[in-house]
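What follows is a single structure, written as structure tokens, with notes after it.
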Amino acid sequence: MNFPIMPPQASEFAPKYDAIFWATSGLTVIFTAMVAILIVILAGKYKRGSKADRSNPSSHNTTLEMLLMGVPTVLGMIIFVWSAVLFIEARTMPKNAQEIFVIGKRWMWHAQHMNGVRENNEITVPLGKPVKLTMISQDVVHAMYLPDFRAQYHVVPGRYTQLHFTATKPGTYKMFCNIHCGTQHSEMVGYVHVLPQAEFDAWMANGGNRYLKTNLTMAEAGKQIWDDKGCGNCHQTLDNERAPSVVGIYGSTRKLTDGTTVEANEDYLRESILRPWNKLTTGYERTMQAYEGVLSEEQVLNLIAYMKSLGQGGTSPDKGIYQQPVKTGRDFPVGRKDPVDIANERASGGASQAHDLRNNP
Amino acid sequence: MSSTVIEQAVEREEPAAPQKNYLNADHTIKSWLLTGDHKRIAVLYLISVTFFFFLGGIAAAFIRAELTSPMGTLLNSETYNKMFSAHGIIMIFFFLIAAIPAVLGNFLIPLMIGARDLAFPRLNLASWYVFMLGGLLFIIALILGGVDAGWTFYTPLSSLYSQTQITLALVGLFLAGFSSIMTGVNFIATIHKMRAPGMTWFRMPLYVWSHYATSIIAILGTPVVAITLLLVALERGLRIGIFSPELGGDPVLFQHMFWFYSHPAVYIMLLPGMGVISEIMSCFSRRPVFGYKFVAFSSMAIAGLGFLVWGHHMYVSSQSVFQGIIFSLISFLVAVPSAIKVFNWSLTMWKGSVVFSTPMIYALGFLGLFTIGGLTGLYLSAIGTDIHLTGTYFIVAHFHYVMVGGTVMAFLGGLHFWWPKMFGRMYSEFWGRISAIVVFVGFNFTFFPQFILGYLGMPRRYHYYYIAPEWQVYNVLSTAGSTVLGIGFLMPVFYLLKSLKSGPIAGPNPWGATGLEWEAAASPPVTLNFDGIPKVVGPVYNYDAIEDSESFRREQMEKVTK
Ligand SMILES: [Cu+2]
Ligand SMILES: [Cu+2]
């Protein structure tokens with residue numbers, strides 16, 4: 001029989017986490033032992049009828065009380081500061097992280113890579129590279145829990161949350177939902193596959209070989225939705241009387257009718273699509289339809305990826321990861337364009353998505 | 001016990017015939033169901049919470065049985081979820097919150113401060129009826145299919161997605177909450193207004209202090225959770241958007257409101273237990289509680305600070321980093337008053353005359369388990385270490401150490417301590433000690449492996465763990481331990497019930513304890529508690545360890561020389 005006492009350490013964060021975990025454990029053992037010894041000694045020595053000296057007892061001692069308060073407080077503060085520093089590290093998303101989008105729904109995990117590769121209940125990540133999960137729930141609260149990476153964060157409906165890690169060991173690691181979400185909560189589990197960069201690239205190039213439903217990158221899928229839903233009827237390259245332009249919107253500062261400003265991050269864009277009237281851009285009225293209930297969380301993520309690909313922070317479009325050529329070795333249904341061609345066209349032809357937008361009245 | 005702190009206003013005559021007391025004053029069912037006597041209401045509560053304890057225990061047995069195998073054996077997932085929800089809800093709302101205050105508190109507070117009853121006897125009776133009505137509604141909800149959202153009722157699972165009897169259960173809990181508010185109001189009024197002459201604040205037993213602090217938390221916190229539960233019910237029934245993003249609400253708002261009560265609720269469950277431990281440690285060490293004022297004020301500090309730490313349940317739930325760090329800091333501060341108490345209780349034995357009676361063994365068990373429970377709380381209040389442990393079996397183990405190792409141990413210790421006072425008879429000391437030891441051992445066997453499981457990453461509320469079969473060994477250990485624990489909990493039922501019929505008559509003060517309930521009242525007390533209103537002239541916990549130990553040795557010597 002096997003008695004494991006520690007989960008594998010598979011991320012950069014894990015050894016740092018374990019250091020403080022075991023330090024706290026050390027303190028716990030010392031204090032428990034202290035209390036236990038104190039009790040055993042006192043109870044033994046002063047057992048009724050024992051010959052111990054009981055003269056001049058006292059039942060309070062302020063100095064002692066202060067000491068008994070002071071020492072634990074100081075030790076506690078050390079643990080507090082140490083752990084707060086660690087927490088800040090865990091919650092500061094690295095700038096250069098590779099982004100993966102995760103949707104939690106009862107009772108499965110759905111992941112989408114930037115280039116459109118999708119996975120269900122599995123997330124494949126490169127070794128040694130910071131990875132950022134941007135997560136949202138389609139129904140109830142879930143939690144993404146990766147014990148071997150010592151990483152955990154809630155996946156909430158109605159807002160995006162994030163979590164990052166850098167895997168340090170190739171292999172397959174467990175992934176759990178860790179907030180009770182209904183009947184099959186305990187089956188909302190899966191795996192994170194950590195592949196060395198080269199293998200990862202090959203895997204990607206193979207179209208991920210799993211659950212590749214559409215053959216489009218996220219931004220391309222977003223563009224399709226954009227066209228289907230006729231967003232371009234109002235939103236064009238430049239601000240016009242119908243609607244503000246969304247070129248370069250991601251990361252820019254938006255002025256609202258109530259005089260406040262907000263940063264156009266994922267949450268803002270999501271809200272602007274699902275409930276545009278909550279935050280009206282100055283100069284515009286309530287003309288955009290609320291797409292709540294019309295678009296799924298996945299479609300919204302795709303739309304956001306598309307808008308992001310139109311440039312960020314108010315700057316002109318640039319070529320992000322989205323335009324990277326994608327190679328797939330798979331066969332595709334007759335009559336559909338091979339995604340390799342689509343992707344290569346987009347990327348090499350310099351025909352950025354913003355350009356497409358322009359051609360799209 | 002030579003030193004007495006009381007001057008009886010009227011000398012009590014020892015009658016030869018069976019004395020009239022609160023138990024035999026009247027025998028009709030009606031006289032019990034319409035009683036205003038705090039002691040009778042305490043007995044009603046005792047029967048009720050014991051029933052709920054074993055009901056919740058049955059659910060726990062199913063959970064433990066199910067977890068012996070990674071794929072489960074008995075239940076489907078839906079039923080499993082209903083089991084752990086029922087276990088949590090019953091144990092927290094219908095056992096832990098009521099157990100010590102409503103049973104022992106009800107019985108003892110008037111006796112300890114020298115009052116004839118609580119300030120509002122009818123309100124007291126009403127609180128029991130409201131409690132029972134809440135319990136009844138919850139049991140109906142169980143019979144109609146149960147609830148599956150856990151005792152935490154996180155939205156929008158509880159408000160929009162769960163198809164189970166949530167609304168009915170919420171109404172039940174709402175009522176149970178009101179019962180605890182009523183009890184709190186009653187205690188506060190009684191403690192402020194009805195202390196006997198000479199019973200100053202600092203002559204009050206620490207037990208009374210702890211109930212005072214508890215009552216303050218109960219009346220400030222419970223309304224918040226009551227409203228929260230009502231809002232969930234409204235969202236469920238009328239689809240008014242409060243917590244569900246689909247309806248324009250915010251799911252995290254629910255968590256804030258829920259934990260705003262439910263963290264302080266931990267202290268509602270724990271502080272009364274701490275009060276019990278103060279009394280037992282002092283009586284069986286024959287010493288005043290060490291650092292009386294520190295212990296008294298630490299109860300008040302816990303009550304105050306306890307309201308400022310709810311966010312430590314939400315470090316990874318999309319609360320801001322800064323907010324989380326502040327909550328973490330305050331959580332560390334609230335640990336200090338608890339640490340103080342543990343040291344003070346231990347130091348109470350210093351130069352004492354320690355007797356290992358059943359209540360004392362329970363109390364010493366409490367000290368050990370509560371220390372571990374408290375210290376493992378540090379992992380969870382430290383915001384960094386919480387990331388990996390929150391939501392896992394580590395947390396399950398932690399709060400069982402605090403709630404079972406703390407509150408249940410204290411409840412059992414207190415019940416054994418005051419049993420002779422409540423019913424006038426002694427139980428078998430031999431079986432009492434055995435049960436205390438069996439509970440202690442069984443408890444550690446059950447819950448220690450869960451710390452390891454949590455660190456390994458086993459999420460709580462998981463029915464299946466086929467993805468990690470290596471966890472089975474700890475789960476089997478835990479289940480084996482829980483069997484022992486269950487036996488430990490069943491034992492008192494037998495010997496305590498037996499003592500009611502055939503136990504030796506206890507007499508007013510079998511432990512030679514100080515305090516009005518022992519020195520001025522009969523066992524069982526008369527309906528009006530005292531023959532006259534007692535007057536307190538000396539300090540609290542007026543024990544003499546030297547004299548106690550000496551006289552004990554003399555007795556032993558005499559026995560030997562005979
Ligand atoms: Cu879940
Ligand atoms: Cu808490």
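Proximity to chain A (any heavy atom under 4.5 Å) is restricted, for B/Arg287, to the side chain, taken from C-beta onward. Looking at A/Asn278, there are no atoms closer than 4.5 Å to chain B (heavy atoms on both sides), in backbone or side chain. Only the side chain of A/Tyr145 comes within contact range of chain B, with at least one heavy atom under 4.5 Å from a heavy atom of that chain. Neither the backbone nor the side chain of B/Tyr80 comes within contact range of chain A; no heavy atoms are under 4.5 Å apart. Residue contact with chain A, scored on non-hydrogen atoms closer than 4.5 Å, is absent for B/Leu160. Heavy-atom distances place no part of A/Ala52 under 4.5 Å from chain B, backbone and side chain included. Interface remark: B/Asn76 contributes no atoms to any contact with chain A (heavy atom separation under 4.5 Å). Residue contact with chain A, scored on non-hydrogen atoms closer than 4.5 Å, is absent for B/Phe284. Only the side chain of B/Tyr474 has a heavy atom closer than 4.5 Å to any heavy atom of chain A. For chain B, the nearby parts of A/Ala43 are the backbone and the side chain; heavy atoms of each come within less than 4.5 Å. For a residue to count as touching a neighbouring chain, one of its non-hydrogen atoms must lie under 4.5 Å from one of that chain's; by this rule B/Ile452 touches chain A with the side chain only. With a threshold of 4.5 angstrom between heavy atoms, B/Tyr154 approaches chain A through side-chain atoms but not through N, CA, C or O. In this structure, chain A has heavy atoms under 4.5 Å from both the backbone and the side chain of B/Thr390. Interface remark: A/Met34 contributes side-chain atoms only to the contact with chain B (heavy atom separation under 4.5 Å). Both the backbone and the side chain of A/Lys51 come within less than 4.5 Å of a heavy atom of chain B. Looking at A/Val156, the atoms closer than 4.5 Å to chain B (heavy atoms on both sides) all sit in the side chain, from C-beta outward. For A/Glu65, the parts lying near chain B are the backbone and the side chain together; criterion is any non-hydrogen pair under 4.5 Å. Heavy-atom distances place the backbone of A/Ser50, and not its side chain, under 4.5 Å from chain B. For chain A, no part of B/Glu555 is nearby; none of its heavy atoms comes within less than 4.5 Å. Looking at A/Ile179, only its side chain comes within 4.5 Å of chain B, counting heavy atoms on both sides. Contact of B/Gln556 with chain A is not made at all, since no heavy-atom distance falls under 4.5 Å. Heavy-atom distances place both the backbone and the side chain of B/Tyr455 under 4.5 Å from chain A. Residue A/Leu146: no heavy atom, backbone or side chain, is found under 4.5 Å from chain B. Contact of B/Val321 with chain A is made through backbone and side chain together, with heavy-atom distances under 4.5 Å. Residue B/Pro251 touches chain A through its side chain alone, counting heavy-atom pairs closer than 4.5 Å. Contacts between A/Thr161 and chain B at a heavy-atom distance below 4.5 Å involve the side chain alone, from C-beta outward.
Relative to the ring axis of A/Tyr153, A/Arg91 places its NZ or CZ within 45° and under 6.0 Å from the centre.
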Residues A/Glu266, A/Arg270; criterion salt bridge (Lys or Arg N to Asp or Glu O under 4.0 Å); working and verdict: CA-CA 6 Å; A/Glu266 279 103 348; A/Arg270 178 176 176 278; over 6 Å; no
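Taking the ring-ring contact (aromatic ring centres under 6.0 Å, His included) definition, one finds that A/Phe165 meets it with A/Phe149, sequence neighbours left out. Not counting sequence neighbours, B/Phe153 has no partner by the ring-ring contact (aromatic ring centres under 6.0 Å, His included) test.
Contact check for B/Phe243 versus B/Leu253: side-chain heavy atoms found under the 4.5 Å cut-off. Within the 4.5 Å cutoff, the side chain of B/Ile325 has no heavy atoms near those of the B/Leu329 side chain. Side-chain contact between B/Asn81 and B/Arg461: absent, with no pair of heavy atoms (C-beta onward) separated by less than 4.5 Å.
Judged as a salt bridge (charged side-chain N to carboxylate O under 4.0 Å, His left out), the pairs with a partner in residues 70-90 of chain A (not counting sequence neighbours) are, in order, A/Lys16-A/Glu89.
Ion pairing between A/Asp148 and A/Lys169 fails under the 4.0 Å rule for side-chain N and carboxylate O. Between B/Glu547 and B/Arg286 no salt bridge is recorded (no basic side-chain N to carboxylate O distance below 4.0 Å). Using a 4.0 Å cut-off between a side-chain N of Lys or Arg and a carboxylate O of Asp or Glu, A/Lys174 and B/Glu470 qualify as a salt bridge.
Side chains of B/Ser331 and B/His312: a donor on one and an acceptor on the other come within 3.5 Å.
Identified by a heavy-atom distance below 4.5 Å to chain B, the contributing residues of residues 133-140 of chain A are A/Gln138, A/Asp139, A/Val140, in residue-number order.
Ring geometry for B/Tyr543 versus B/Tyr541: interplanar angle under 30°, hence parallel rather than tilted (30 to 60°).
Taking chain A as the reference chain and counting heavy-atom pairs below 4.5 Å, the highest number among B/Val252, B/Leu378, B/Thr164 is found for B/Val252. Annotation: maximal heavy-atom pairing with chain B below 4.5 Å, among A/Lys47, A/Gln162, A/Met77, A/Gln184, occurs at A/Lys47.
A ring pair (Phe, Tyr, Trp, His ring centres under 6.0 Å) with A/Phe176 is found for exactly one of B/Trp471, B/Tyr464, B/Tyr465, namely B/Trp471.
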